[in-house]
Structures are given as structure tokens and as C-alpha cells.
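Each remark here refers to the structure printed beneath this line.
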There are 2 protein chains.
Amino acid sequence: MNNTRFATVIHFLTILAKSPDQWLNSDWIANSIQINPVIVRKELGLLQEQGWVISRKGKDGGSMLGVPSSKISLADIYKAVKNANVLGKKNLNPNPKCSVGKQVNTALDKLFTETDEVVCAALSHKTLKNFVEQFA
Amino acid sequence: MNNTRFATVIHFLTILAKSPDQWLNSDWIANSIQINPVIVRKELGLLQEQGWVISRKGKDGGSMLGVPSSKISLADIYKAVKNANVLGKKNLNPNPKCSVGKQVNTALDKLFTETDEVVCAALSHKTLKNFVEQFA
DNA sequence: TTAAATGTAATAACACTTGTTACATTTAAA
DNA sequence: TTTAAATGTAACAAGTGTTATTACATTTAA
């Protein structure tokens with residue numbers, strides 16, 4: 001992860017969790033994190049797909065949480081935005097004529113998967129609710 | 001990590017570990033992974049700084065492991081190439097006028113650090129020797 | 001009917017990664 | 001002493017991914 005998507009999305013969810021049952025609009029959310037409102041609407045689309053957020057179009061529209069914050073784990077959030085393995089990418093064309101090149105990606109697949117699972121296991125014990133409780 | 005550096009570096013180290021006490025040159029290593037030899041020499045520079053690899057310039061030069069493969073943990077390798085937190089980057093300018101914006105990066109610092117430590121703890125139990133033993 | 005919101009496409013700006021060329025320097029061996 | 005073959009490294013190019021921005025069709029409450 002070399003991007004801000006996890007930080008951005010958990011920021012949104014925290015704001016929504018702190019104002020339950022209120023329609024917050026993308027300009028307001030964008031202002032809290034000082035990023036572009038179009039990015040906000042794109043990421044909110046992802047959160048809607050997950051069923052975590054409900055949005056309403058039109059005048060006085062906006063977004064709110066669709067499930068209790070205790071039902072969203074940080075592992076769920078991570079999986080929703082993750083676009084690479086923790087240990088990065090594999091090289092695409094290791095040389096099959098070399099004994100290491102021939103087998104390395106199988107070994108790395110195993111290691112990369114195990115490492116990702118360690119992260120998910122650790123994050124699965126934490127919920128959005130726990131995270132939000134840190135905020136005054 | 002959205003790059004191939006971990007995969008690349010562990011590939012090098014595996015090759016060097018399989019041919020102890022031989023000077024392997026960067027063209028040979030590059031060919032095994034099918035990447036550019038200049039990248040190989042750059043990354044080998046990093047491994048030299050760590051004390052893991054010794055290189056010799058000039059005719060019949062090359063590189064070899066400088067320590068036993070059992071002394072290099074995968075956590076050490078990860079730390080040497082890591083350039084971002086597991087959960088990515090924080091947003092640079094959250095709005096201090098917003099109660100979430102004001103506190104979010106402190107909360108994220110803690111979470112990001114904890115998550116990185118989980119990965120390092122898991123990788124610290126694995127050594128380069130363990131990894132190399134998978135190769136016929 | 002209108003004002004204000006979402007959804008989304010297209011594109012630009014920026015940053016990071018990887019590849020490539022070139023060459024000075026080093027060093028073992030002929 | 002010369003030479004061939006290697007590293008080390010700078011400069012630049014190409015490719016990829018991220019984030020910002022503009023524009024606008026669509027939706028909807030008031």
C-alpha cells in the first residue's frame with residue numbers, strides 16, 4: 001500500500017460514525033480531510049458496495065453509515081482498499097532455466113499469502129467502533 | 001509495498017546462498033530474474049550496506065554472501081527494502097477545525113506502527129536459510 | 001420549478017518504479 | 001604492463017499508478 005486509501009476511507013467512516021442518522025455531504029467530508037470532493041464520492045461508492053454506507057442523491061442528499069460501527073472490522077476495511085500484497089509484487093519473468101527462477105514465485109506466493117493473512121488476523125480484532133472511541 | 005524490491009532482493013540472496021563462496025556477477029544474477037543488471041548492482045549496494053553481501057570489483061569480480069543465511073531473517077530483509085507502512089500513507093492535511101481531522105493522524109500513527117510490527121514479528125521467525133531450503 | 005446534491009467520465013498533474021545508456025574506476029590475469 | 005571484464009553510479013527515459021480537477025447529466029427534497 002503506497003497510497004492514502006486506507007487512511008482516507010477510515011477517516012470517512014469515522015466521521016459518519018460520529019454523526020449517525022445524519023446525511024453528510026461530500027463537500028463537508030472532503031473539507032474535513034482537505035481532499036477533493038470527487039475523490040470522496042468515488043470512495044463512498046466503494047463503501048456503498050460493501051453495504052457500509054447509504055447515500056442519497058439530490059437536494060439535502062448525503063451519506064450515512066448503513067450498519068453499526070461495531071460490525072465493521074479494520075480487516076474488512078483493509079481488504080476493501082488493498083491493491084497489493086504486504087510484501088509487494090513478484091517479478092513477472094523469472095528465468096525458468098534457473099533453478100531459483102523456476103520455483104521462486106511459488107515460494108513467494110506462499111510467503112506473500114501468509115504475510116497478508118497475519119495482517120488481516122491482527123486487524124480482524126479491531127472494529128471501526130474501537131477506532132472511533134479514541135476521538136473526543 | 002507496491003514494488004518488486006522484496007521479491008528481487010530475496011531472489012538475489014537465494015541465488016547467492018545456493019552458491020556460497022563463489023563470485024557471481026550482476027549479469028548472471030540479472031539473467032536469472034530477467035531484469036536489468038544495473039538494478040541488480042543498485043540493490044546489491046543496499047545488501048552490502050547491511051553487511052549481508054560482499055562484492056569485488058574488476059575482472060572476475062562479483063558478489064557473495066558475507067554472513068550465513070541462517071543469520072538473515074525475512075524481517076531484516078523487509079525492513080531493508082520497506083518504503084511505506086503496511087496500511088499505506090496518511091493524508092497530509094486533515095482539517096484541524098474538525099475534531100476527527102485534528103486527531104486522526106495520531107490514531108493512525110499508532111495503528112500503522114502496530115500493524116507494521118505484526119508483520120515484522122511474523123517474518124522474524126523465518127530466515128533466508130528456511131526460504132532457500134525450499135529450492136531443489 | 002429550482003437549488004443542491006450524487007455519480008461519473010475525461011483529463012491533467014504528479015510521484016514513483018523500472019529500464020537503459022554511458023562511462024569512470026577497479027582489478028585479476030595474461 | 002596491458003588488457004579484458006567487472007563494479008559503481010549518474011543521467012535520463014519510459015511506464016505505471018495516484019490524486020486532483022473540470023464538467024456535466026441525473027436525481028430529489030423543498
Side-chain angles (χ1 to χ4, degrees), chain A residues 1-9 11-12 16 19 22-50 52-64 66 81-85 87-95, chain B residues 1-9 11-12 16 22-50 52-64 66 80-85 87-95:
Chain A
M1 293 273 289
N2 231 334
N3 60 35
T4 58
R5 292 187 67 207
F6 183 90
T8 299
V9 164
H11 192 131
F12 295 173
L16 297 177
S19 298
Q22 287 184 50
W23 296 111
L24 301 183
N25 70 40
S26 63
D27 272 25
W28 198 93
I29 297 171
N31 180 259
S32 158
I33 192 169
Q34 300 199 118
I35 62 171
N36 195 287
V38 178
I39 308 284
V40 174
R41 295 200 287 271
K42 278 184 196 162
E43 292 293 7
L44 284 173
L46 177 81
L47 302 181
Q48 289 167 46
E49 286 169 24
Q50 300 290 326
W52 299 335
V53 164
I54 300 167
S55 294
R56 192 172 68 161
K57 295 179 184 175
K59 183 162 172 158
D60 290 357
S63 299
M64 64 170 71
V81 299
K82 165 182 197 296
N83 66 346
N85 294 105
L87 297 180
K89 294 187 284 202
K90 293 183 284 289
N91 285 289
L92 292 178
N93 300 307
N95 194 333
Chain B
M1 292 271 291
N2 231 331
N3 59 37
T4 57
R5 292 186 67 207
F6 182 90
T8 299
V9 163
H11 191 133
F12 295 174
L16 297 176
Q22 288 185 49
W23 296 110
L24 302 184
N25 71 40
S26 63
D27 272 25
W28 198 92
I29 296 171
N31 180 259
S32 157
I33 193 171
Q34 301 200 120
I35 62 170
N36 195 286
V38 177
I39 308 282
V40 173
R41 296 200 286 273
K42 280 182 194 163
E43 292 292 7
L44 285 173
L46 176 82
L47 302 181
Q48 288 167 47
E49 286 170 24
Q50 300 290 327
W52 298 335
V53 163
I54 300 167
S55 294
R56 191 171 70 162
K57 294 178 184 176
K59 181 160 174 160
D60 290 357
S63 298
M64 64 171 73
V81 299
K82 167 181 194 296
N83 65 346
N85 294 106
L87 297 180
K89 294 187 285 202
K90 292 183 286 288
N91 285 289
L92 292 177
N93 299 309
N95 194 333

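Note that the structure is a prediction, hence the values are computed from the model and not measured. Labels below follow one simple rule: chain letters A, B, ... track the order of the sequence lines, proteins then strands, and each chain is numbered from 1.
- Taking atom NZ of residue A:K90 and atom P of nucleotide C:dT18, one finds them 14 Å apart after rounding to whole Å.
- With rounding to the nearest 0.5 Å, the separation of OG in A:S63 from CH2 in A:W52 is 14.5 Å.
- A stem is defined here as three or more consecutive Watson-Crick or G-U pairs, each with both distances under 3.5 Å; for DNA chain D these stems are C:1-30 with D:1-30.
- The two residues B:H11 and B:S32 come nearest to each other via the heavy atoms NE2-OG, 2.8 Å.
- A distance of 11.0 Å separates CH2 of A:W23 from CG of A:D60, quoted to the nearest 0.5 Å.
- The two atoms that bring B:V40 and B:S26 nearest to each other are CG1-CB, 3.9 Å, heavy atoms only.
- Smallest separation of non-hydrogen atoms from A:G66 and A:I54: CA-CD1, 3.8 Å.
- Annotation: the span from A:I29 atom CD1 to A:I35 atom CD1 amounts to 9.5 Å, rounded to 0.5 Å.
- Nucleotide C:dG7 holds its P atom 13 Å from the CD atom of A:E43, rounded to whole Å.
- What separates CG of A:L47 from C1' of C:dG7 is a distance of 15 Å, to the nearest Å.
- Within the structure, every side-chain polar atom (N or O) of B:N3 is placed at least 4.0 Å from both OP1 and OP2 of D:dG17.
- Under a 3.5 Å cut-off, the side chain of B:R5 and the backbone N or O of B:V9 do not form any donor-acceptor pair.
- Partners of B:N25 according to the side-chain contact (heavy atoms from CB on, under 4.5 Å) rule, which considers only residues two or more places apart in sequence or in another chain, are B:D27, B:W28.
- The side-chain contact (heavy atoms from CB on, under 4.5 Å) check on B:N36 picks up B:V38, B:I39, with sequence neighbours excluded.
- Between A:N91 and C:dT18, a side-chain N or O to OP1/OP2 separation shorter than 4.0 Å is absent.
- Atom NZ of B:K89 is separated from atom OG1 of A:T4 by 7.0 Å, given to the nearest 0.5 angstrom.
- A:N2 places its CG atom 9 Å from the P atom of D:dT19, with the value rounded to the nearest Å.
- For D:dG8, the OP1/OP2 oxygens have a side-chain nitrogen or oxygen of B:Q48 closer than 4.0 Å.
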Might you work through the side-chain contact (heavy atoms from CB on, under 4.5 Å) test for A:Q50 and A:V53, ending with a clear yes or no? CA-CA 8 Å; A:Q50 300 290 326; A:V53 164; over 6 Å; no

Atom pairs, protein N/O to nucleotides 21-23 of chain D N/O, distance under 3.5 Å:
{"unit_1": "D:dT21", "atom_1": "OP2", "unit_2": "A:N36", "atom_2": "ND2", "d": "3.3"}

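- Atom CG in A:L46 sits roughly 14 Å away from atom C1' in C:dG7 (whole-Å rounding).
- Applying the 4.0 Å criterion to OP1 and OP2 of C:dT17, one finds that B:N83 has a side-chain N or O inside that range.
- Distance CG/B:L87 to CG/A:N3: 10.5 Å, rounded to 0.5 Å.
- Residue B:T4 has a polar side-chain atom (N or O) positioned under 4.0 Å from OP1 or OP2 of C:dT18.
- A 4.5 Å side-chain heavy-atom check between A:L24 and A:M64 finds every atom pair outside the cut-off.
- The CD1-P distance, from B:I54 to D:dT7, rounds to 15 Å in whole Å.
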Please tabulate the protein-to-nucleotide N/O contacts below 3.5 Å involving nucleotides 27-30 of chain C, giving atom names and distances.
{"unit_1": "C:dT27", "atom_1": "O2", "unit_2": "B:K59", "atom_2": "N", "d": "3.1"}
{"unit_1": "C:dA28", "atom_1": "O4'", "unit_2": "B:K59", "atom_2": "O", "d": "3.3"}

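- When the nearest nucleotides of DNA chain C are assigned to B:K89 and B:Q34 by heavy-atom distance, the more 5′-ward of the two goes with B:K89.
- Taking atom CD of B:E49 as the reference point, atom P of D:dT7 lies 17 Å away to the nearest angstrom.
- Separation of atoms CD (A:E43) and CD1 (A:I33) is listed at 9.5 Å; rounding is to 0.5 Å.
- Residues from residues 23-30 of chain A that place a heavy atom under 4.0 Å from any atom of DNA chain C, listed by number: A:N25, A:S26.
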